Amino acid sequence: MLIQCGVLFAFLAFGEFVVWLTGVPLPSSVIGMVALTAALKARVVKLYQVERVADFLVHNLGFFFVPAGIGIMRCLGILREQWWPIVASAVLSTIVIILVTARVHQWTRRSRLLKLRRNRATSLND
């Protein structure tokens, strides 16, 4: 399990290095996760090399939200004063996300159907 932690930390360190090198405004952990996902898909890293520690982290995920919850509790005064803009932005952003997701889904589905029809037409002509 120690080696599996080492693999995960190596990808986190890679993300830190990318952020340090490029100055890209993304969290290093996100870059590390994307790199790990790419390595898993390319089979550079095998699933068994990270599976046990990843399962442990996922099963204990709620524990990692405790500091964020405490941070929110410390800001209850600000939340009480600014509840309307917070709720309005949450509702508006949710609607925008739903609309964008629906459009992307429609576009993707339409593209796949057109590609399928072209492939069928091509195979019928052959």
Side-chain angles (χ1 to χ4, degrees):
M1 195 149 154
L2 190 61
I3 293 173
Q4 293 184 7
C5 282
V7 171
L8 292 181
F9 279 117
F11 279 95
L12 178 61
F14 172 75
E16 287 284 345
F17 179 71
V18 169
V19 169
W20 174 79
L21 189 66
T22 63
V24 65
L26 286 174
S28 58
S29 57
V30 172
I31 294 171
M33 281 193 299
V34 169
L36 177 60
T37 302
L40 284 166
K41 288 296 256 180
R43 301 200 175 154
V44 173
V45 174
K46 306 291 188 249
L47 184 59
Y48 72 87
Q49 293 174 315
V50 293
E51 189 170 26
R52 280 185 59 207
V53 74
D55 284 342
F56 171 78
L57 291 171
V58 168
H59 284 106
N60 295 293
L61 192 61
F63 175 74
F64 299 111
F65 285 98
V66 170
I70 291 171
I72 288 173
M73 290 173 59
R74 291 184 66 190
C75 297
L76 285 178
I78 296 170
L79 293 173
R80 193 176 309 116
E81 293 171 7
Q82 300 294 326
W83 72 272
W84 175 243
I86 293 170
V87 170
S89 63
V91 169
L92 183 64
S93 64
T94 301
I95 292 169
V96 168
I97 289 170
I98 290 171
L99 291 173
V100 168
T101 303
R103 288 289 184 199
V104 169
H105 175 73
Q106 288 175 345
W107 177 79
T108 305
R109 190 168 180 181
R110 198 174 298 128
S111 297
R112 291 182 80 196
L113 284 173
L114 289 173
K115 185 177 181 181
L116 183 64
R117 287 180 186 159
R118 274 190 236 122
N119 288 343
R120 284 184 184 165
T122 305
S123 65
L124 288 176
N125 291 334
D126 291 338

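Quick caveat: nothing in here was measured; it's all calculated off a predicted structure. Worth knowing before you read on, the calculation uses all heavy atoms, side chains too, and leaves out hydrogens, waters and symmetry mates.
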Can you confirm whether more than 12 heavy atoms, excluding those of [X], are under 6.0 Å from its [atom1] atom?
X     : atom1 : value
Leu76 : CG    : yes
Leu26 : CG    : yes
Met1  : CE    : yes

How long is the straight-line distance from [atom2] of [Y] back to [atom1] of [X], given to the nearest 0.5 Å?
X      : Y      : atom1 : atom2 : result
Arg117 : Leu113 : CZ    : CG    : 5.5 Å
Gln49  : Leu8   : CD    : CG    : 11.0 Å
Ile86  : Leu79  : CD1   : CG    : 4.5 Å
Met33  : Ser28  : CE    : OG    : 10.0 Å
Phe64  : Asn60  : CZ    : CG    : 6.5 Å
Arg110 : His105 : CZ    : NE2   : 10.5 Å

Tell me which one of Val44, Leu36, Thr37 satisfies side-chain contact (heavy atoms from CB on, under 4.5 Å) with Leu40.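 Of Val44, Leu36, Thr37, side-chain contact (heavy atoms from CB on, under 4.5 Å) with Leu40 is met by Leu36 alone.
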In the single-linkage hydrophobic clustering (I, L, V, M, F, W, Y; side-chain heavy atoms under 4.5 Å), do [X] and [Y] co-cluster?
X     : Y     : value
Trp84 : Val91 : yes
Val50 : Leu57 : yes
Phe65 : Phe63 : yes
Leu61 : Phe56 : yes
Val19 : Val34 : no

Please answer whether the main-chain N or O of Asp55 pairs with a side-chain N or O of His59 as donor and acceptor at a distance below 3.5 Å.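 Yes, the answer is positive, given that a donor and an acceptor are paired below the 3.5 Å cut-off.
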Could you tell me whether a side-chain N or O of Gln4 sits under 3.5 Å from a main-chain N or O of Val53, the two making a donor and an acceptor?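 Yes, the answer is positive, given that a donor and an acceptor are paired below the 3.5 Å cut-off.
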Any side-chain heavy-atom pair of Phe11 and Val45 under 4.5 Å: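 Yes; the side chains approach each other to less than 4.5 Å.
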Quick one: does Ser29's side chain get under 4.5 Å of Leu12's, heavy atoms only?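 Yes, side chains in contact.
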Between Arg103 and Gln106, a side-chain donor and acceptor under 3.5 Å: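 Yes - a donor-acceptor pair under 3.5 Å links their side chains.
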